[in-house]
Amino acid sequence: MPKLIIDNREITVPEGTKVIEAAERLGIMIPRFCYHPALGSVGACRVCAVKCLEGPRKGIQMSCMIDAQDGMKVSTTDAEAVDFRKHVIEWLMLHHPHDCPVCDEGGHCLLQDLTVSGGQGVRRYQGPKRTHTDQHLGPLVAHEMNRCIQCYRCVRYYQEFTGYEDLGVMQIGSRVYYGRFRPGTLESPFSGNLIDICPTGVYTDKPSRYRGRRWDFERRPAVCLHCSLGCHVTVSARYREVVRQEARFSESVNGHFICDRGRYGFPYVNLPERPRSARVDGTETGWEAALKIAGERLESAAWKTGPQGIAVVGSARCGLETQGMLKRLADAKGWRGPVFDIDPAAANVRTAVSRLDSDLRVSLREIETADCIVVVSADPLNESPMLAPALRQARRNGARVAVIDPRPASLPFQFDHFPVAPDDLAAAMAILIRKCADKEPLSELGKTAVRSLRGVSDGADIPDADGLAALYDDLHDSRRPVIVCGTHTAPPEIPGMAADLALLLRIAGPRAGLFYVMPGPNSFGAALLSDPALSFGDLVSSIEEGETKALVVAESDLFGSGIDWDRLQNALNKLELLVTLDYIDSQTTRAARILIPTLTAYETPSLSINNEGRVQQSPAAFRGGDPIARTGGGEHPPRAFRRDIPGREMGAAWTALPTLGGRNPGSAPVNLTAWLGDAHPALTSLPESSDFPPDGVRLPLAENAGERFQTDRFSHGEKEEDALTLLVADSTFGTEELSSLSPILKELTPSPCIQIHPEDAAEFDLSTGDAVRIDTGAGTAVLPVQTTDRIARRVLVIPRHRDLDDRLPRERRTVLSKTAIRKATEDA
Amino acid sequence: MSDALESVKALADGFATTFKHLFRKPITESYPEYKRPLPARSRARIELTRDPDGDERCVACYLCSAACPVSCISMQSAEREDGRRYARWFRINFGRCIYCGLCEEACPTSAIQLTPDFETCKRDPLSMVFEKEDLLVDGCGKDPDYNFYKYAGVATPVGGKGEHVNESKPVNVRSNMP
Ligand code: SF4
Ligand code: SF4
Ligand code: SF4
Ligand code: SF4
Ligand code: FES
């Protein structure tokens, strides 16, 4: 632990700390352009110069390049160092264009800050400026190469950190150019981070181009709601609209970066079709009045049918407060529910939540330190994008990464893919578990584990079964293995087996970790708080049988459930009362008798629990209400003086729910954390919102020893040789509920297709580019074929797509007979 | 003795001056019957000027609104079809403006300029709120020459890459020739 003196202040730092970091710990920000904590040092910009007065090195040194050493005495304010930095900035500004007024970086530009603080107000150089042409990099990132100062941050981030190769550096000397090698859109789904990471205005945010200056925005921390990881973001809002989002540093979740889905998924808040006024039987009504009418009608429904004739439904995108309030309401009134698991994968999530104990779970950041990772039944890039860079960092540190999944997984680094069909996933996991159970000192537990696998084949017929066995050896020999398990398309036994494997590994030696990927941002909360005795399918049946007559649906689109659309629509038509509370326009809000618009998580403080059981808080970014675009009819803000915010009557869903129960709204509980504890014991000790730690709090999770190794999980019949399994998969853009409403991401959404193994394709006389007619059971679709040998045999994968929504099965996994697909010929 | 003489002289001088002025024509001008021409630098009603080519100068950079000590300027920046950044709307609340001139000083394009026209009293406060169409004038105001887009590096119809004042041709990244 070297001890050094910086600007006459002493500090002790860990071995290997750079002087620039050591100074930062003292609160001294040495100027920097190329250094970035996530990317490390390259010494390209020379602006971090300091003077070493005593110690192993003397004179002007680059503080990002030298390690802190014992006996060093460093001055950041020495005249020679200050003069050096001043000159560096002047050189960097030689060719800089006269752009600040029309540059979106202006106001939060590192170059601007350093130029001003270095006293470089006037240009002395009078010669001609070097210029560059710009590239069109797609819908997200604008390019203005003249402004570059050659710090190399963009390439280091793009190529080294996220592993994409299409953007890089060309030319030499003062001609150096950063851009794509070929014209076209940036390939990385993490490209938005270029905007944050470039210290100048070369890469700026295209969707919010020229929309305002940072100092005019209401900027607040928030938590991304576009997958279960819950990355940290910073929201910028102006005139009651969200304008832009940036990545926010989080020590335990996402580090410095976020994915483009998270960055550009926000426009659902601003959409003109967003419901903003309450509706009762098709007529616009005041918000409070509509709530009261809903409360009265629910009361009279309860009179007629008894409280059990009413049910409440929520979803995995409801905040924890709303979920808790739904449960409180159902409990207090004797209504049925709450049902949150409208997602077909919800049963898997419940298994995952019950199996994730405090010992086993790892955070996203901890994955970066793992040395052997097995990803089961998950497709990181498409389901939880930021998981992919985390895996890549582990790989860069030398970890082995293996993916056991039927889909044609692609990841921006080298990994082993075992394309195992869904029916064989259990057998593949059994290979790993059986081998683990053989090891000492697992004698008793190992036997139980093996016994539990009765009925699971030995997996000899799985392609590359030997490879899996060898994978186990690597797992066993590693120091910190992590099992990553998906829940979206996994067969029901897989989440439990993943936990079994992690548990056995831990006893067999290495400190194994477990990481589940879940379908929704607050799936965890939904699993904790939902009524385990009532599934959504049962609820729909009970509507059909006339037992359930009224439904309260909070922030949930029932048409995203596993139920066939026609059946669901008929069931909803049978209801006497459908009360929907939501902030997006959906089929469910359109079907509602009483529609109560609600505030989004940007406009009201909200809690959510991410996939590892971390409760995170995001404060309100701005006060909701009609944006100027609406009140002023587009071009102009209205010319009127008024004190109140137009359209500000609506509230958060959880504040509306007590009124539905017939109580007056004043009796809503004030102390949130106290009553959440009533909803579920795990939520008892949540901190007050004012002292919520920045990285949230991890819920204490009890070990569920009783649920290990359950033999009855395996209820498979015989494999049908002639059948095909259709997987309805997610993709990075366009399938997640809220971000798929984003007009920004429309252009990046892949067009519909069907993926199939070339040998299976040959059987149907198909090859890439052919069209295939497929009868999915829910409808018929004609889709272009993509053959890939990275997919499991006898498996068809169709990424979900909004154009196909009504023709794809609602289940994520369906067994089709071979007659369901045939080549679509021209005339057909 | 000489002290006394001097005092008397001083007294006499003073009275003489007063006496002289009694017969001078007064220089007081009665406003509003007579409106005195004010120097161009006087600070009153603000206008948005145009560049010598006749296009709007303001690039909606928000510097004037940031500099304004009473926050009476608001605007919305946007991108025009041809790539020029401009103000979609621009509003000054003259009911609040203290005519300090800081906005003019902050403006990098010479767009916003104060004029000597100080007679902006109105009865209805809303009529003191000027919109862009009220502010925009034809002409360059006090700065007859400057055209920001001739100097900036961004491509607009005023100049493409390498065509602005004192710029070399864009680097050809596909060639190693200097
Ligand atoms: S484009 Fe930006 S990040 Fe890349 S080298 Fe230039 S200044 Fe640095
Ligand atoms: S990985 Fe998930 S939580 Fe993170 S930014 Fe992307 S969508 Fe949001
Ligand atoms: S003159 Fe002063 S108070 Fe008036 S708009 Fe300009 S900066 Fe604001
Ligand atoms: S400072 Fe000048 S260019 Fe910038 S917004 Fe104000 S008037 Fe327009
Ligand atoms: S930050 Fe040290 S050389 Fe760039």
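To find a chain, count down the sequence lines: A is the first, B the second, and so on, and within it residues start at 1.
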Give a yes or no on this: more than 12 heavy atoms of other residues, nucleotides or ligands lie within 6.0 Å of atom CZ of B/Phe15.
no

Minimal non-hydrogen separation, A/Thr133 against B/Lys161, with atom names:
CA-CG, 4.3 Å

Check: B/Gln76 and A/Arg238 side chains under 4.5 Å, non-hydrogen atoms
yes

May I ask you to test the A/Asp216-B/Tyr62 pair for a side-chain heavy-atom distance under 4.5 Å?
yes

Nearest heavy atoms of B/Cys61 and A/Arg213, plus distance in Å:
O-NE, 2.9 Å

So how far is it from B/Arg80 CZ to A/Tyr210 OH, rounded to the nearest 0.5 Å?
12.0 Å

Within a radius of less than 6.0 Å around CZ of A/Arg182, do more than 12 heavy atoms belonging to other residues, nucleotides or ligands occur?
no

With a 4.5 angstrom heavy-atom cut-off, which part of A/Arg209 approaches chain B: side chain, backbone, both or neither?
side chain

I'd like to know if the side chain of A/Arg639 and the backbone of B/Glu131 have a donor-acceptor N/O pair within less than 3.5 Å.
no

Based on non-hydrogen pairs under 4.5 Å, which of A/Gly107, A/Pro97, A/Pro101 is most in contact with chain B?
A/Pro101

What option among B/Val154, B/Asn172, B/Val165 has the most heavy-atom pairs under 4.5 Å with chain A?
B/Val154

Quick one: does any side-chain atom of B/Asn166 pair with a main-chain N or O of A/Lys129 as donor and acceptor, under 3.5 Å?
no

Could you tell me the separation between the CG atom of A/Asp99 and the OH atom of B/Tyr151, rounded to the nearest 0.5 Å?
15.0 Å

Which pair of non-hydrogen atoms, one from A/Thr131 and one from B/Ser168, has the smallest distance, and what is that distance?
OG1-O, 2.8 Å

Return the option, out of B/Arg84, B/Glu79, B/Met75, with the maximum number of heavy-atom pairs under 4.5 Å with chain A.
B/Glu79

Between CH2 of A/Trp215 and CG of B/Leu63, what distance do you get to the nearest 0.5 Å?
5.0 Å

Closer than 4.0 angstrom, basic N to acidic O: yes or no for A/Asp104 and B/Arg85?
yes

Answer with side chain, backbone, both or neither: which region of B/Lys132 has an atom nearer than 4.5 Å to a non-hydrogen atom of chain A?
neither

Check B/Arg91 against A/Pro638 and note the closest heavy-atom contact, atom names and distance.
NH2-O, 3.3 Å

Over 12 non-hydrogen atoms of neighbours within 6.0 angstrom of CD in B/Glu33:
yes

Contact between B/Asn176 and A/Arg175 at the side-chain level, heavy atoms closer than 4.5 Å - yes or no?
no

With a sphere of 6.0 Å drawn around CZ of B/Phe19, does it hold more than 12 non-hydrogen atoms of other residues, nucleotides or ligands?
no

Given A/His96, A/Glu144, A/Arg147, A/Met145, the one with more heavy-atom pairs under 4.5 angstrom with chain B than any other is A/Glu144

Measure up the B/Tyr146 and A/His98 rings against each other and bin them: parallel (under 30°), tilted (30 to 60°), perpendicular (over 60°).
perpendicular

Under 6.0 Å from the CG atom of B/Leu22, do we count more than 12 heavy atoms belonging to anything else shown?
yes

Spatial distance of atom NE2 (A/His132) from atom NZ (B/Lys169) [nearest 0.5 Å]:
14.5 Å

